[in-house]
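None of these values were measured; they are calculated from a predicted model. Worth knowing before you read on, the calculation uses all heavy atoms, side chains too, and leaves out hydrogens, waters and symmetry mates.
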Amino acid sequence: MGEPHLVTNPAGGVRDVDVLVVGAGPGGSTTAYHLARAGLEVLLLERSAFPREKVCGDGLTPRAVNALGRMGIDVDDPGFERHHGLRIRSRKVTLELPWPTLRSYPGYGLVRTRAEFDELLARRAEKAGAVLRERTEAVVPILDGGWVTGAAVRGADDDGADAFEVRARFVVACDGASSKLASQAGVRRVGGRPLGIAARRYYRTPYRPGPWLDVWMDLWDGDAILPGYGWLFPLPDGTVNLGAGLLNTFKGFKDLSAQRVFDAFVRMLPERFGIGEETAVGRALSGPLPMGFNRTPTAIPGMLLVGDAAGIVNPFNGEGIAYAMESGELAAELLHDALVKDRPGLAHVYPSLLRERYARYYALGRVFVRAIGEPRVMRILTDYGLPIRPLMRFLVRLMGNLTDGKTGDAQDRLMYALERLAPAA
């Protein structure tokens, strides 16, 4: 696990809390909200200041809408753009595919910039009773006998100290894909697991996709198919989030960058879309997507990992927000029980519960992304699979992990059967 990090006599003294949550993205704010609602003393740290940008498509699937509802967020707020499904595009076909009609999930999703969305969730956690500290960073974990007992923190607190120590009964690392705090405590990347890289930029454009998320399944640079995918998601203010991503399972991944794929995608778009340097808002940003449980372990004594820090982005579609929120809610439930019952070990069933929820599905996703990493397979899918509407309707459900389970309809039962064939680890 690495050597203990001991911080003695910090300039600002010691702060004691029940739970220290590091990172106020969707996972951290969700964790802090549910813990604070349960009456626990929670300190939520964010090294930046709101509003701040994040590299993301800004799209929220029906899974994320459910998680928002459990936080009491008003999904009818005009700050959200509502969409009813995907418009799948390729050179040969365009299909409009609505989200499935299910008991477990609503039939719509949302879009909102991460700059607004993350602050909305952080303020919600604050209103529930969590103490939010912006421009405050957990620099290094504190270990005592192999147990994470807090962190050395840099940033102003109520007493004006610019460095202090936080002692916590539990720490939750929600500090993104790099998760410096968790890596210093011994968490490592799992080799061979998929990793995505994406770039996105905002544009003002006369093109409005209606109640759909536009997704390009094949990207071309001239006559060469590129190992990536593209998106155009509408925002309430009339701008769009335009982005492109690629997976490390694709052949030639090392010879490409997210920016290069993004630039090729922009060149593909019809002139009528009005996408160009003159309509751009801000600069293009890129970042990693750690997929399919590519961090281990997801819990160590005294610390749980949530969201991207745990590497639990969906390998099928690159969705991270819903899983960050769901894992944060799960972590909060376990920590509440552990603290109220004074049985710290209860929290460390967290990795087992994560595997129970997602492992088979993610294993299936890893098979999928390895398959489409082969250009011939990708060509077959785009040339022959995309025109088959029933197949694509099933893939929308599968890739979005939207199902009523084995008690659902025929497509749900097929999803369940496919997952049973995948390993549970």
Side-chain angles (χ1 to χ4, degrees), residues 51 53-65 68 73-101 105-118 120 198-220 228-245 261-285 317-319 321-322 382 386 389 392-393 395-396 399-400 402:
E53 284 193 286
K54 287 290 182 179
V55 179
C56 184
D58 298 334
L60 305 170
T61 68
R63 286 190 78 97
V65 175
L68 287 173
I73 299 290
D74 179 10
V75 296
D76 293 319
D77 186 306
F80 290 108
E81 180 85 359
R82 184 171 291 202
H83 55 84
H84 299 297
L86 305 180
R87 181 185 289 121
I88 306 292
R89 296 178 178 269
S90 74
R91 276 192 169 185
K92 295 190 174 184
V93 68
T94 298
L95 291 176
E96 292 179 350
L97 301 167
W99 295 117
T101 301
Y105 300 100
Y108 65 91
L110 303 168
V111 186
R112 191 166 189 159
T113 66
R114 285 289 300 275
E116 293 183 3
F117 181 74
D118 286 14
L120 176 69
R200 69 103 179 101
R201 196 175 191 183
Y202 296 109
Y203 292 87
R204 294 201 176 277
T205 168
Y207 172 70
R208 298 303 291 170
W212 304 100
L213 300 181
D214 273 331
V215 179
W216 281 255
M217 297 295 289
D218 58 343
L219 302 186
W220 296 81
Y229 57 94
W231 70 79
L232 186 154
F233 295 169
L235 290 158
D237 65 357
T239 60
V240 298
N241 180 315
L242 189 82
V261 174
F262 177 84
D263 291 341
F265 177 42
V266 170
R267 290 193 295 269
M268 278 178 50
L269 296 174
E271 188 175 336
R272 63 184 174 85
F273 280 20
I275 300 294
E277 195 62 36
E278 68 282 359
T279 60
V281 180
R283 58 196 177 97
L285 299 175
N317 64 0
E319 179 183 10
I321 292 176
T382 56
L386 283 179
R389 181 176 288 271
M392 294 309 300
R393 287 180 67 91
L395 282 179
V396 165
M399 295 175 71
L402 299 169

Minimum heavy-atom separation for Gly79 to Pro236, with atom names? O-CG, 3.2 Å
Is any side-chain heavy atom of Leu235 less than 4.5 Å from a side-chain heavy atom of Glu81? no
Between atom OH of Tyr203 and atom CG of Leu269, what is the distance when rounded to the nearest 0.5 Å? 8.5 Å
Worked check of side-chain hydrogen bond (donor to acceptor under 3.5 Å, both in side chains) between Trp216 and Asp218: CA-CA 6 Å; Trp216 281 255; Asp218 58 343; over 6 Å; no
For Arg82, the salt bridge (charged side-chain N to carboxylate O under 4.0 Å, His left out) test, sequence neighbours excluded, returns Asp76
Those residues at least two apart in sequence (or on a different chain) that pass salt bridge (charged side-chain N to carboxylate O under 4.0 Å, His left out) with Arg267 are Asp221
Residue set satisfying side-chain contact (heavy atoms from CB on, under 4.5 Å) with Met399, at least two apart, ordered chain then number -> Phe316, Phe368, Leu395
Any residue meeting side-chain hydrogen bond (donor to acceptor under 3.5 Å, both in side chains) with Asp263, in chain and number order, not counting sequence neighbours: Gln259
Contact between Leu60 and Phe233 at the side-chain level, heavy atoms closer than 4.5 Å - yes or no? no
Quick one: pull up OG1 in Thr61 and CD in Glu319 and give me the separation to the nearest 0.5 Å. 3.5 Å
Glu278 meets the salt bridge (charged side-chain N to carboxylate O under 4.0 Å, His left out) criterion, sequence neighbours left out, with none
Could I get the full list of ring-ring contact (aromatic ring centres under 6.0 Å, His included) partners for Phe262, not counting sequence neighbours? none
Restricting to non-hydrogen atoms, name the atom on Pro206 and the atom on Gly274 that form the minimum distance, rounded to 0.1 Å. CD-CA, 4.5 Å
Might you point out which heavy atoms bring Val240 and Arg208 nearest each other, and give the distance in Å? CG1-NH1, 3.9 Å
Quick one: does Arg393's side chain have a donor or acceptor within less than 3.5 Å of a partner on Leu97's backbone? no
Thr239: side-chain hydrogen bond (donor to acceptor under 3.5 Å, both in side chains) partners, not counting sequence neighbours: Asp237
Flag the pair Glu96 and Arg389 as a salt bridge only when some basic side-chain nitrogen lies within less than 4.0 angstrom of an acidic carboxylate oxygen. no
side-chain contact (heavy atoms from CB on, under 4.5 Å) filter on Arg283, not counting sequence neighbours, yields Leu285
Nearest heavy-atom contact between Ala244 and Leu219 is CB-CD1, 4.3 Å
For the residue pair Arg201 and Gly282, what are the closest heavy atoms and their distance? NE-O, 2.8 Å
Working for side-chain contact (heavy atoms from CB on, under 4.5 Å), residues Val261 and Tyr229: CA-CA 9 Å; Val261 174; Tyr229 57 94; over 6 Å; no
Less than 4.5 Å apart, any side-chain heavy atom of Val266 and any of Phe273? no
Student check: side-chain heavy atoms of Leu232 and Tyr207 closer than 4.5 Å: yes
State which residues pass side-chain contact (heavy atoms from CB on, under 4.5 Å) with Pro62; sequence neighbours excluded, sorted by chain then number. Trp99, Tyr105, Pro106, Leu402
Specify the closest pair of heavy atoms between Ala322 and Ala64, including all atoms of both residues, with the distance to one decimal. CB-N, 3.7 Å
Here the gap from Thr94 atom OG1 to Ile88 atom CD1, rounded to the nearest 0.5 Å, amounts to 10.0 Å
Taking the side chain as C-beta and beyond, is there a heavy-atom pair between Leu386 and Met217 under 4.5 Å? yes
Exam field: side chain Arg87 to backbone Gly210, donor-acceptor pair closer than 3.5 Å: no
Just jot down the side-chain hydrogen bond (donor to acceptor under 3.5 Å, both in side chains) partners of Asn241, sequence neighbours excluded, or say none. Asp58, Trp231
Run the salt bridge (charged side-chain N to carboxylate O under 4.0 Å, His left out) test against Arg89 and tell me which residues pass, sequence neighbours left out. Asp214
Using atom types as modelled, flag every donor-acceptor pair under 3.5 Å from a side chain in residues 108-117 to any protein atom, sequence neighbours excluded.
{"residue": "Arg112", "atom": "NE", "partner": "Glu116", "partner atom": "OE1", "Å": "3.1"}
{"residue": "Thr113", "atom": "OG1", "partner": "Glu116", "partner atom": "N", "Å": "3.3"}
{"residue": "Arg114", "atom": "NE", "partner": "Asp118", "partner atom": "OD1", "Å": "2.7"}
{"residue": "Arg114", "atom": "NE", "partner": "Asp118", "partner atom": "OD2", "Å": "3.3"}
{"residue": "Arg114", "atom": "NH2", "partner": "Asp118", "partner atom": "OD2", "Å": "3.0"}

